[in-house]
Amino acid sequence: MNKKRKRLGKRSKAYDKKQKAKQSQKTWITGKLTVTQKGLGFVVQENSEEEDIFVPPQFVGDAIDGDTVQVELLDERPRRGGKATTSKGPAGKVVKIIERNRTAIVGELIAGRKVRPLNRRLPDIDIKGSLDDAKRGDWIEVEAPGITDERGSSIAPVSLLKTLGKAGTVQADIEAVLTEFNLKPAYTEEEDKEAASIKPLETKREDLTSLFVVTIDPIDAKDFDDAVSLSPGKKKGEIELGIHIADLSAWITPGSVYDKKAESRSFTAYIPGNTLPMIPKTLTRMASLTADAPSPAHTVIITIDENTGKVLRSRRCFSTIKVNSRLTFEQVQQAIDGKPPEDWDDELKQNVAKVAELTRKMRAFRKMTEQFIELATTEIRVICNDETKEVEGLKIKHQTEADMLVEE
């Protein structure tokens, strides 16, 4: 019996030694986890240009989208059907959650005391404790799952932070979006006043006020941040197309207060009853390319072969321009269809016709010389009453040649 125990003891020590050796050969990598709606995970390696690590759904564990995790590389990449392959890049298994990316999650309260996150990259979450006045079908905000054990796994359910309102109602849906994506509030009156006092920088600019410049925007546009112009080229058969962008850098310098505030917002959010601008409205008005007034711009002049539509060369500069006319997509499309607005003068009609013709040639040339993919889209806009927060209808907008003109 003692001999048998000794043999078993030797085998156990040998097994442990073999396992430790195997463990030391494993590769551990830290990175940020992205999870798709289908549960597939991808880990971006920190400070590395190596390709992302694929994490199959069964190996994501308790990690959620945005977490910083540690993954163990697998010997072979799992594939559906039980087979495996090593030909499609590295695959791994989440072995530790190092840091949660978020402290709260917004979702709809569903049956079984569960929360279905607004962000569909996140799994349904169990909720504990009091639900207060929250009812099934409400948007609620809950704690994000914490890291609770030595492996870094999240095993504890979460508790309610606040109720946002009934899902499916405009006001509550808006509140859910604002809360989930942490959208910054509108600027205060004091911030607007402070921004209005900023003086534009003295920058050497090319005077392009003699060009015939137009803006083309939706009919309800409030900001005019880009414009186009057309003028003869320096050589016969050439034409110069100007693209002019409102030069916000004249007012906002890198690292300044409003540069940082704009960075934290990243974009202007247009939400019914809640327009949340990236920069204060006073700065927007000052930088906007308004008609009949000199405006600082960042300009790109593209020289094009008038016959073929081929781009020959380009240059860019800081400029001063003056917009001659503010046009809408609908007006430009009418002109393309041969029915320009009655109040247009001959110069405007001729310039719009030239731009439309040049755009067709440019697109035709690109189709011949590039791997050109034409993607026609349909835009659906929800018409919402800002006062009552009720949906009043839907407006379908099909892509027109006027849209493609500006895109090109």
Side-chain angles (χ1 to χ4, degrees), residues 32 44 46-47 65-68 99-106 118-119 141 144 161-162 164 171 174-209 213 215 217-218 220-227 243-300 316-323 326 386:
K32 186 174 180 180
V44 180
E46 291 181 338
N47 303 317
D65 183 67
D67 285 350
T68 299
E99 183 181 5
R100 289 292 192 199
N101 182 49
R102 53 197 302 153
T103 58
I105 292 171
V106 173
L118 176 63
N119 182 347
E141 185 180 24
L161 294 176
K162 64 180 177 180
L164 303 175
Q171 186 62 45
I174 290 172
E175 187 64 29
V177 170
L178 294 176
T179 305
E180 167 62 23
F181 297 103
N182 192 27
L183 296 182
K184 305 296 181 184
Y187 286 97
T188 63
E189 281 188 34
E190 286 151 6
E191 287 174 315
D192 272 320
K193 286 180 182 177
E194 183 184 46
S197 66
I198 298 175
K199 302 297 181 185
L201 295 174
E202 292 292 332
T203 305
K204 186 177 180 180
R205 296 182 180 276
E206 189 171 334
D207 186 352
L208 300 179
T209 53
V213 180
T215 59
D217 294 281
D220 57 352
K222 295 179 177 62
D223 305 331
F224 309 104
D225 53 13
D226 58 85
I243 297 97
H244 314 278
I245 310 297
D247 187 10
L248 200 58
S249 68
W251 286 271
I252 300 181
T253 55
S256 63
V257 171
Y258 288 106
D259 181 41
K260 292 176 181 177
K261 287 180 183 289
E263 183 182 13
S264 69
R265 287 164 168 78
S266 299
F267 58 91
T268 295
Y270 293 98
I271 299 174
N274 293 275
T275 298
L276 310 174
M278 183 174 72
I279 58 172
K281 58 186 178 183
T282 49
L283 271 180
T284 301
R285 282 197 293 266
M286 289 192 291
S288 206
L289 304 178
T290 52
D292 299 322
S295 300
H298 196 141
T299 291
V300 177
R316 66 188 181 95
C317 63
F318 288 107
S319 66
T320 302
I321 65 168
K322 187 167 72 172
V323 174
R326 181 210 157 187
D386 284 349

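Below, each value reflects all heavy atoms present in this structure, side chains not excepted, and no hydrogens, waters or symmetry copies.
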Grab the two heavy atoms, one from [X] and one from [Y], that are nearest each other, plus how far apart they are.
X      : Y      : result
Leu164 : Ala176 : CD1-CA, 3.9 Å
Ser288 : Ser295 : O-OG, 3.8 Å
Ala104 : Glu141 : CB-OE2, 3.3 Å
Gly66  : Asn101 : O-CB, 2.8 Å
Glu175 : Thr179 : O-OG1, 2.8 Å
Cys317 : Glu206 : SG-OE1, 3.5 Å

When rounded to the nearest 0.5 angstrom, what is the spacing between [atom1] in [X] and [atom2] in [Y]?
X      : Y      : atom1 : atom2 : result
Ser264 : Asn182 : OG    : CG    : 9.0 Å
Lys281 : Thr275 : NZ    : OG1   : 10.5 Å
Thr203 : Asp247 : OG1   : CG    : 7.0 Å
Thr320 : Leu208 : OG1   : CG    : 7.5 Å
Met278 : Asp223 : CE    : CG    : 10.0 Å
Phe267 : Leu276 : CZ    : CG    : 8.5 Å

With a 4.5 Å heavy-atom cut-off, do [X] and [Y] have their side chains touching?
X      : Y      : value
Ile243 : Asp226 : no
Phe224 : Asp217 : yes
Ile198 : Tyr258 : yes
His244 : Val213 : yes
Leu289 : Ile321 : yes
Thr282 : Tyr187 : no

Could you tell me whether a side-chain N or O of [X] sits under 3.5 Å from a main-chain N or O of [Y], the two making a donor and an acceptor?
X      : Y      : result
Ser266 : Glu263 : yes
Ser256 : Ile252 : no
Arg205 : Ala297 : yes
Thr253 : Ser249 : no

Worksheet entry | salt bridge (charged side-chain N to carboxylate O under 4.0 Å, His left out) contacts in which one or both residues fall within residues 183-201, not counting sequence neighbours | Glu191-Lys261
Discussion item. Suppose we screen for ring-ring contact (aromatic ring centres under 6.0 Å, His included). Which residues come up paired with Phe318, at least two apart in sequence or across chains?
Written reply: His298
Discussion item. Restricting to salt bridge (charged side-chain N to carboxylate O under 4.0 Å, His left out), what partner residues turn up for Arg102, sequence neighbours left out?
Written reply: Glu180
